[in-house]
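In what follows, a structure is listed as structure tokens, so that the remarks can point back to it.
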Amino acid sequence: MSSQPSQAVQEETRSADGPIVNDFGITFCTVNGSGSATANNTVLRALFKMGIPISGKNIFPSNIQGLPTWYTIRVNKDGFLARIEKDDIVVAMNPATFARDMEYLVPGGVLFYADDIKLPITRSDIVCYPMPVKRLIKEAEVPTSLRDYVANMVYVGVVAQMLGIEMDAIYAALDFHFKGKKTPIESNFSVIRAAAEWARANLTKQDRYSVERMNATEGYILTDGNTAAALGALYGGVQFVAWYPITPASSLAESINEYLPKLRTDPISGKTTCVVVQAEDELAAAGMTIGAGYAGLRAMTSTSGPGLSLMAEYLGLAYFAEVPMVLWDVQRVGPSTGLPTRTAQGDLTFAYFVGHGDKNYIILLPASANECFEFGWKAFDLAERMQMPVIVLSDLDLGMNQWMTRPFQYPDTPMDRGKVLWEEDLEKFLAEKGQWGRYLDVDGDGIPYRTLPGNRHPRSAYFARGTGHDEFARYSEDPEVWERNMARLKRKYDTAKQYVPKPIIDDANHAEIGIIAFGSNDPAVEEARVYLAQRGVQTDYLRLRALPLTDEVEAFIRSHDRVYVVENNRDGQLAQLLTVNLPELGAKFRKANHGDGMPLSARWVRDTILSLEEK
């Protein structure tokens, strides 16, 4: 639900009257812990199985049970799947939010509501359909202990009948959810079917909204970013995971646990080839991950903003001792506890500067579930190639919500373990170079060669130090040694530019206006560009996928008169980093940032850019 409702974008592509087919938003307004997730996902997946482009966003409270929750499905035949700010259809099951939920309907919208909600309907410009939820559940002879949970299936049946959602698709969605278990499938479907039959016999359609089968989801899957990241890590060879539960990152590690037995069990020993440890806190998780990375394992942890704050000192250690590790930060609203179940992009500058002293981190910025999978394995290659922490910044919207995405592609390159010397490698290295030092740059790229515990060569041992050290890992407080080492680390970070994912650029319009965005803002930006073009405002677009900034970013900025930096936070953090790195181009940047805990909408992006263009 938005604090600034508007239906401008929704109306922009619709006629004033006539049917509205495969183009609407529907919000289910329920109570957290009532079992509504199963009902909502049944509708989502049924629409997907009908070939209609959809996205689902869950707005839930930071408690286990009892507070309001909303689940919004956007249906759009053109494939626009960003959040919309007004509801076309509301399914009201919660008396506590009934009046407010009704107000979010567009004129001509539809209100489905449980008929035991005895509150006034204050809108005369909407269509209302009461649903006898309690009566239908009683008639279905559902056990008393399950009535509150199965009651939501009543609205699935009524909505399916009134919108034209096929019963076969509903059944297939239940089959997927319950993994083919006939008892729960049939018990839920019997309620849905009874509700649909009641609606057919008792409700006369008065609204404009409906769905029709398409073929626009062929070749797509439905998943969330956290599951995709977990699968990417498993396919990328992760060997050690340490984590501590925190919303919205917990399901990433939980998904690794879920898929680990199937995907990473050694056929000979029968043992899994990855260890997952739930640590006592985030500090311990980070420490374990660094220890595993030092030992030569592909190691990772996952957390959100508060956990990243606790891990700051350990990240500095991994940077300076040059230990590979991967950290997933699934962002939520901060500071402090903030809004644990709302989305934001407020950790960017913190991740970039995290820890004291001079340091730099590689940051990956996925924008889709597919990129979560891709960066899930590429992060390990980067961490080991560059011998440093790699931070992947996702967010709650991308990580926990359901997205249409292409099937994941198996890693197309061998694992890059970087500059690792085993016994024979080290012997050859010494013969050619004369000496080996753990922090000695022999190739001019800032990246030293490393050995791993277990190397039996007598000259392979070293101390990994967080204190001052020279090229041979010997303790040193010499100013020249310190400065030389810090210059090498900076040179190593510059080398990373050739390895990090390049930005995605659409500059076909050769426009005066450029847009830069990252992460889950991408669907809103892509849709907003269409609406801007309809207003005669042409734009080019660069989607940033990694830091450090590559040459392509600077070239894009230089080729445009002004550049709007679109992001989901209060202060315009990406705009700040662009200005820090490219101060001579700072006058080109226009901040288009907003942070209220909700995903950005195309309307907001469009209206913000139009407003700034008028100034």
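These numbers come from a predicted model, not from an experiment. Worth knowing before you read on, the calculation uses all heavy atoms, side chains too, and leaves out hydrogens, waters and symmetry mates.
- Taking the charged nitrogens against the carboxylate oxygens, Arg438 and Glu471 have no contact shorter than 4.0 Å, which rules out a salt bridge.
- A side-chain donor-acceptor contact under 3.5 Å links Arg342 to the backbone of Phe60.
- No hydrogens or angles considered: a donor-acceptor pair under 3.5 Å links the side chains of Asn569 and Glu567.
- One distance of note links CG of Leu365 with CG of Leu348; it measures 6.5 Å at 0.5 Å rounding.
- Ionic pairing of Arg545 and Glu371 is present here: one or more N-O contacts between side-chain nitrogen and carboxylate oxygen are shorter than 4.0 angstrom.
- Residues Leu222 and Leu44 are in side-chain contact: their nearest non-hydrogen atoms beyond the backbone lie under 4.5 Å apart.
- Between Lys591 and Tyr564, every side-chain heavy-atom pair lies at or beyond the 4.5 Å cut-off.
- Annotation: Phe463 is not in aromatic contact with His469 [ring centroid separation under 6.0 Å not met].
- Distance check, rounded to the nearest 0.5 Å: CD1 of Ile391 to CH2 of Trp328 gives 12.5 Å.
- At distances below 3.5 Å, not a single donor-acceptor pair connects side-chain atoms of Thr69 with backbone N or O atoms of Asn32.
- One finds no salt bridge joining Asp441 and Arg488 here, because no Lys/Arg side-chain nitrogen approaches an Asp/Glu carboxylate oxygen to under 4.0 Å.
- Gln573 is not listed as a side-chain neighbour of Tyr352, based on a closest heavy-atom distance of 4.5 Å or more.
- At least one side-chain heavy atom of Arg298 sits less than 4.5 Å from a side-chain heavy atom of Met415.
- The shortest distance between side-chain heavy atoms of Thr227 and Ser251 does not fall below 4.5 Å.
- Considering CG of Leu542 and CZ of Phe518, their distance stands at 12.5 Å, rounded to 0.5 Å.
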Check: residues 301-313 side-chain donor-acceptor pairs under 3.5 Å, at least two apart:
from   : atom 1 : to     : atom 2 : distance (Å)
Thr301 : OG1    : Ala242 : O      : 2.6
Ser304 : OG     : Val330 : O      : 2.7
Ser309 : OG     : Gly305 : O      : 3.2

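- Put simply, the residue from Asp101, Asn40, Asp87, Thr30 that forms a side-chain hydrogen bond (donor to acceptor under 3.5 Å, both in side chains) with Trp70 is Asp101.
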Stepwise side-chain contact (heavy atoms from CB on, under 4.5 Å) test for Phe28 and Ile73: CA-CA 9 Å; Phe28 303 94; Ile73 297 174; 3.7 Å; yes
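- Two residues are said to be in side-chain contact when any heavy atoms from C-beta on lie closer than 4.5 Å; Gln498 and Thr495 meet this criterion.
- Using a distance-only test at 3.5 Å, with no hydrogens or angles considered, a donor-acceptor pair links the side chain of Tyr361 to the main chain of Val354.
- Residues Asn521 and Gln345 bring a donor and an acceptor atom of their side chains to less than 3.5 Å of each other.
- Checking side-chain atoms of Thr265 against main-chain N and O of Lys262 turns up no donor-acceptor pair under 3.5 Å.
- Looking at residues two or more places apart in sequence or on another chain, you find a side-chain contact (heavy atoms from CB on, under 4.5 Å) between Glu280 and Ala284, Met288.
- A salt bridge between Lys497 and Glu552 is absent, with no side-chain N of the basic residue lying under 4.0 Å from a carboxylate O of the acidic one.
- Using a 30° and 60° split on the angle between ring planes, Tyr462 and Tyr439 fall in the perpendicular class, above 60°.
- Using a distance-only test at 3.5 Å, with no hydrogens or angles considered, a donor-acceptor pair links the side chain of Ser476 to the main chain of Asp478.
- Counting heavy atoms from C-beta outward, Arg406 and Ile221 have side chains that stay 4.5 Å or more apart.
- In this structure, CD on Glu258 lies 10.5 Å from CG on Leu234, to the nearest 0.5 angstrom.
- The existence of a salt bridge linking Glu527 and Arg74 is confirmed by a sub-4.0 Å separation between a basic side-chain nitrogen and an acidic carboxylate oxygen.
- Proximity of a side-chain donor or acceptor of Arg332 to a complementary backbone N or O of Thr343 within less than 3.5 Å is not detected.
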Test side-chain contact (heavy atoms from CB on, under 4.5 Å) applied to Ile59 and Tyr71, step by step: CA-CA 6 Å; Ile59 310 301; Tyr71 190 83; over 6 Å; no
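- Heavy-atom minimum distance, Asp358 versus Tyr319: O-CE2, 3.8 Å.
- Two rings, from Phe320 and Trp482, have their centers less than 6.0 Å apart.
- With hydrogens and angles ignored, the 3.5 Å screen pairs a side-chain donor or acceptor of Lys359 with a backbone N or O of Gly355.
- Val565 and Ala575 make their closest contact through CG1-N, 3.7 Å (heavy atoms, listed as atom of the first residue, atom of the second, distance).
- In plain terms, the two heavy atoms of Arg570 and Asn593 that are nearest each other are O-ND2, 2.5 Å.
- Of all non-hydrogen atoms in Glu384 and Gly296, the two that sit nearest each other are OE2-O, 4.4 Å.
- Put simply, CG on Asp224 and OG on Ser394 are 9.5 Å apart, with the number rounded to the nearest 0.5 Å.
- In summary, Lys492 and Glu322 engage in a salt bridge, as defined by a charged side-chain N under 4.0 Å from a carboxylate O.
- Smallest separation of non-hydrogen atoms from Gly225 and Cys372: O-CB, 3.5 Å.
- The side-chain contact (heavy atoms from CB on, under 4.5 Å) test applied to Asp470 returns Phe472, Arg474, Val481, not counting sequence neighbours.
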Residues Asp607, Arg603; criterion salt bridge (Lys or Arg N to Asp or Glu O under 4.0 Å); working and verdict: CA-CA 6 Å; Asp607 289 355; Arg603 182 211 67 85; 2.7 Å; yes
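- Note that CG of Leu574 and OG1 of Thr349 are 10.5 Å apart. Values are rounded to the nearest 0.5 Å.
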Salt bridge (Lys or Arg N to Asp or Glu O under 4.0 Å) between Asp443 and Lys419, worked out: CA-CA 11 Å; Asp443 297 328; Lys419 298 181 180 182; 2.7 Å; yes
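- Between the side chains of Thr27 and Thr72, at least one donor N or O sits under 3.5 Å from an acceptor N or O.
- Ion pair Asp445/Arg491 not flagged as a salt bridge, since none of the NZ, NE, NH1 or NH2 atoms sits closer than 4.0 Å to an Asp/Glu carboxylate oxygen.
- No salt bridge links Asp397 with Arg83; every basic N to acidic carboxylate O contact stays at or beyond 4.0 Å.
- With hydrogens and angles disregarded, no donor-acceptor distance shorter than 3.5 Å links the side chain of Asn455 to the backbone of Thr451.
- The closest side-chain donor-acceptor pair between Arg264 and Thr272, if any, does not fall under 3.5 angstrom.
- Within a 6.0 Å sphere centred on CD of Glu477, heavy atoms belonging to other residues, nucleotides or ligands number 12 at most.
- Residue Tyr244 qualifies as open at atom OH: its count of foreign heavy atoms under 6.0 Å is 12 or below.
- Side-chain contact check for Val392 versus Asp329: every heavy-atom pair is 4.5 Å or farther apart.
- Under the 4.0 Å criterion applied to side-chain N and carboxylate O atoms, Arg558 and Glu554 are assigned as salt-bridge partners.
- Checked against the 6.0 Å centroid criterion, the rings of Tyr410 and Tyr235 qualify as a close aromatic pair.
- In terms of modelled atom types and a separation under 3.5 Å, the side chain of Asn370 and the main chain of Thr405 share no donor-acceptor contact.
- Taking all atoms of both residues into account, the shortest heavy-atom contact from Ala517 to Val525 is CB-CG2, 3.9 Å.
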